[in-house]
**Student:** 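Attaching a single structure in structure tokens format; questions to follow.
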Amino acid sequence: MKTVYTCFTTDVIHEGHRNIIRQAQKYGQVVVGVLADEAMVCFDRFPTISFAQRMALAQGLEGVSRVVVQKDILYDEIIRELRPDYVVHGDNWCAGPMKAIRDNVERLLGAYGGTIVDVPYTRSEEVSRIDRRIRERAAMPEFRRKRLRQLLSLRPVVKAMEAHSGLTGLIVEKTVVEQDGRLDQFDAMWVSSLCDSTAKGKPDIELVDLSSRLRTIDDIMEVTTKPIILDGDTGGLAEHFLYNVRTLERMGVSAVIIEDKQGLKKNSLFGTEVRQTQDSIENFSEKIRTGKRAQLTDDFMIIARIESLILERGMDDALKRAEAFTKAGADGIMIHSRRREPDEIFEFCGRFRASDSETPLVVVPTSFNAVTEEELAAHGVNLVIYANQLTRSAFPAMQQTAEDILRFHRAREVDQRLMPIRDIITLIDEL
């Protein structure tokens with residue numbers, strides 16, 4: 001018999017999947033691939049059930065002769081192993097970013113005369129309801145909260161982009177690019193105190209209180225599923241921090257990053273140009289311990305941000321703090337620098353990794369922005385945060401539009417650089 005292959009990336013089997021199997025059976029013996037977790041998180045919604053459970057779902061389908069593992073979103077390895085006569089897929093991969101996957105399959109099958117079968121995508125009330133339920137389940141606190149830890153174990157480097165509203169959250173959630181035949185997307189969202197304050201027209205001095213910031217998080221959580229990392233500034237008083245940890249954990253936030261400074265908050269990129277006071281190792285370590293004792297689950301992460309290089313206290317001070325904060329229970333170390341070159345970041349990573357190969361390392365390449373994620377990963381970095389680029393790109397565009405409307409006394413001259421409102425609306429899912 002002819003061999004027919006199809007791949008599933010779902011937590012729930014619905015009529016659309018059963019239809020794929022029925023159509024595939026018309027061409028021969030059906031082999032179903034289940035996409036591995038490592039590949040699934042790069043391309044599709046994050047799984048809410050285990051890989052073993054997803055395998056069992058596929059194995060329970062009537063008309064399936066065999067179930068295999070597909071380790072990559074591209075089909076090179078699986079087609080080389082199976083040499084299927086047909087690959088069957090819903091026609092939703094004929095356009096958009098997923099077309100890169102179809103093109104990959106078409107090239108591979110063309111080498112020996114295989115055929116693609118595009119099955120019309122099943123659209124029904126049942127399918128829409130199940131898809132909506134999967135999306136809503138992925139957004140629930142118990143699933144979202146642990147997702148950052150899962151990503152750190154699955155991805156060579158985790159990429160987080162700032163979000164400061166529901167709309168920017170949707171941009172981070174839904175932006176997918178195809179390059180060199182591969183798909184890429186952001187893994188997580190960074191809720192920055194700078195961007196949150198700026199969006200509210202307030203200075204970045206911890207003036208916007210946590211209650212207001214929680215509303216921003218709630219706006220983002222309501223429309224997205226990716227894990228959220230909160231910029232917690234200094235964390236405030238240790239007595240307050242423990243309650244804040246409980247609140248964030250309950251909401252489903254994955255991590256909070258707190259910096260080892262005290263007093264009136266000043267943005268780190270000012271460095272020594274403004275007066276900034278670094279907290280003592282003892283005080284900050286106790287704050288970390290207090291936060292860790294307050295946790296109710298092992299999912300939530302407290303990451304310590306070290307300001308020694310920003311404040312020109314030296315590499316040895318930064319490494320001493322990293323060791324102390326890790327011993328105090330920090331789930332990760334963020335090392336910050338405002339230099340244009342990444343040399344001191346690389347030095348810190350190398351020396352830190354010489355004695356600690358496990359603790360996640362976090363960087364924010366705002367100043368040293370020429371370095372690539374691959375270079376950072378090669379030096380032991382696990383999480384890269386793009387901390388303010390959406391805010392910084394939106395402001396000049398909005399300012400220019402406002403100026404041009406005033407200048408021309410109409411909106412026609414700005415229209416060519418505006419996104420159609422219809423395209424913006426399509427970002428927003430309807431219930």
Side-chain angles (χ1 to χ4, degrees), residues 2-47 51 54-55 57-58 61 63-124 127-128 130-131 134-135 155 173-187 423 426-427 429:
K2 301 285 188 180
T3 299
V4 187
Y5 180 73
T6 187
C7 181
F8 284 174
T9 60
T10 184
D11 295 350
V12 178
I13 299 297
H14 56 57
E15 178 57 29
H17 303 108
R18 288 189 287 270
N19 183 52
I20 289 284
I21 299 301
R22 286 195 298 270
Q23 299 304 316
Q25 284 182 287
K26 297 177 181 179
Y27 297 91
Q29 191 176 52
V30 180
V31 179
V32 171
V34 175
L35 197 64
D37 287 347
E38 293 87 343
M40 198 165 169
V41 299
C42 301
F43 142 78
D44 200 45
R45 60 173 66 94
F46 205 102
F51 176 74
R54 292 192 286 117
M55 285 286 285
L57 283 177
L61 282 169
V64 174
S65 65
R66 185 154 60 107
V67 177
V68 298
V69 181
Q70 182 171 321
K71 297 177 181 177
D72 193 88
I73 60 172
L74 298 181
Y75 284 50
D76 297 69
E77 182 178 339
I78 200 73
I79 286 181
R80 186 167 58 248
E81 291 177 2
L82 297 178
R83 288 185 66 85
D85 300 284
Y86 299 92
V87 171
V88 177
H89 196 285
D91 64 1
N92 57 321
W93 73 345
C94 292
M98 286 181 65
K99 188 175 183 299
I101 302 174
R102 189 187 186 283
D103 291 343
N104 166 253
V105 173
E106 187 173 42
R107 177 181 56 80
L108 294 168
L109 294 180
Y112 61 86
T115 303
I116 291 178
V117 178
D118 297 314
V119 177
Y121 191 81
T122 302
R123 303 187 187 281
S124 69
V127 171
S128 297
I130 292 173
D131 283 346
I134 293 172
R135 186 172 64 247
R155 301 280 275 144
E173 177 92 357
K174 296 190 174 187
T175 299
V176 181
V177 299
E178 180 274 321
Q179 187 172 10
D180 299 327
R182 305 192 72 86
L183 301 181
D184 204 3
Q185 62 179 343
F186 292 107
D187 303 299
D423 293 350
T426 58
L427 275 176
D429 297 315

**Student:** Does the S65 side chain pair with the main chain of V30, one donor and one acceptor, at a distance under 3.5 Å?
**Tutor:** yes

**Student:** What I want to find out is whether R80 reaches E77 closely enough, with some N-O distance under 4.0 Å, to be called a salt bridge.
**Tutor:** no

**Student:** Under 4.5 Å between any side-chain heavy atoms of R54 and D37, yes or no?
**Tutor:** yes

**Student:** Looking at CG of L61 and CD1 of I21, how far apart are the two atoms once the value is rounded to the nearest 0.5 Å?
**Tutor:** 5.5 Å

**Student:** Taking R107 first and then D76, would you say they form a salt bridge - that is, a charged N and a carboxylate O separated by under 4.0 Å?
**Tutor:** yes

**Student:** Any non-hydrogen side-chain atom of Y27 less than 4.5 Å from a side-chain atom of K2?
**Tutor:** no

**Student:** Compare every heavy atom of L183 with every heavy atom of A100, then report the nearest pair and how far apart it is.
**Tutor:** CB-CD2, 4.1 Å

**Student:** To the nearest 0.5 Å, how far apart are CG in D72 and CD1 in I78?
**Tutor:** 10.5 Å

**Student:** Are D131 and H14 side-chain neighbours, meaning at least one heavy-atom pair lies under 4.5 Å?
**Tutor:** yes

**Student:** So how far is it from L109 CG to I79 CD1, rounded to the nearest 0.5 Å?
**Tutor:** 4.5 Å

**Student:** Check the angle between the aromatic planes of Y75 and Y5 and answer parallel, tilted or perpendicular using the 30° and 60° thresholds.
**Tutor:** perpendicular

**Student:** Is any side-chain heavy atom of D11 closer than 4.5 Å to one of M40?
**Tutor:** yes

**Student:** Tell me if the CZ atom of R22 is crowded by more than 12 foreign heavy atoms within 6.0 Å.
**Tutor:** yes

**Student:** With a 4.5 Å limit on heavy-atom distance, are the side chains of D187 and V41 in contact?
**Tutor:** no

**Student:** Rounded to the nearest 0.5 Å, how far does CD of E81 lie from NZ of K71?
**Tutor:** 7.0 Å

**Student:** Determine whether D118 and R102 satisfy the following criterion, side chain to side chain contact (heavy atoms under 4.5 Å, CB included), listing intermediate values before the conclusion.
**Tutor:** CA-CA 10 Å; D118 297 314; R102 189 187 186 283; 2.7 Å; yes

**Student:** I13 vs R18, test: side chain to side chain contact (heavy atoms under 4.5 Å, CB included). Steps then yes/no.
**Tutor:** CA-CA 7 Å; I13 299 297; R18 288 189 287 270; 4.0 Å; yes

**Student:** A side-chain contact here means heavy atoms from C-beta on lying under 4.5 Å apart; do V32 and F8 qualify?
**Tutor:** yes

**Student:** A side-chain contact here means heavy atoms from C-beta on lying under 4.5 Å apart; do Q185 and T175 qualify?
**Tutor:** no

**Student:** Drop me the distance from T115's OG1 to D85's CG, to the nearest 0.5 angstrom.
**Tutor:** 8.0 Å

**Student:** Quick check for you: to the nearest 0.5 Å, what is the distance between N104 atom CG and E178 atom CD?
**Tutor:** 10.5 Å

**Student:** Can you tell me if Y112 uses its side chain to pair, donor with acceptor, with the backbone of P84 under 3.5 Å?
**Tutor:** yes

**Student:** Do H89 and C7 have side-chain heavy atoms sitting under 4.5 Å apart?
**Tutor:** no

**Student:** Donor-acceptor check, side chain of S124 to backbone of V127, threshold 3.5 angstrom: yes or no?
**Tutor:** yes

**Student:** Does a side-chain N-to-carboxylate-O contact under 4.0 Å join D103 and K99?
**Tutor:** yes

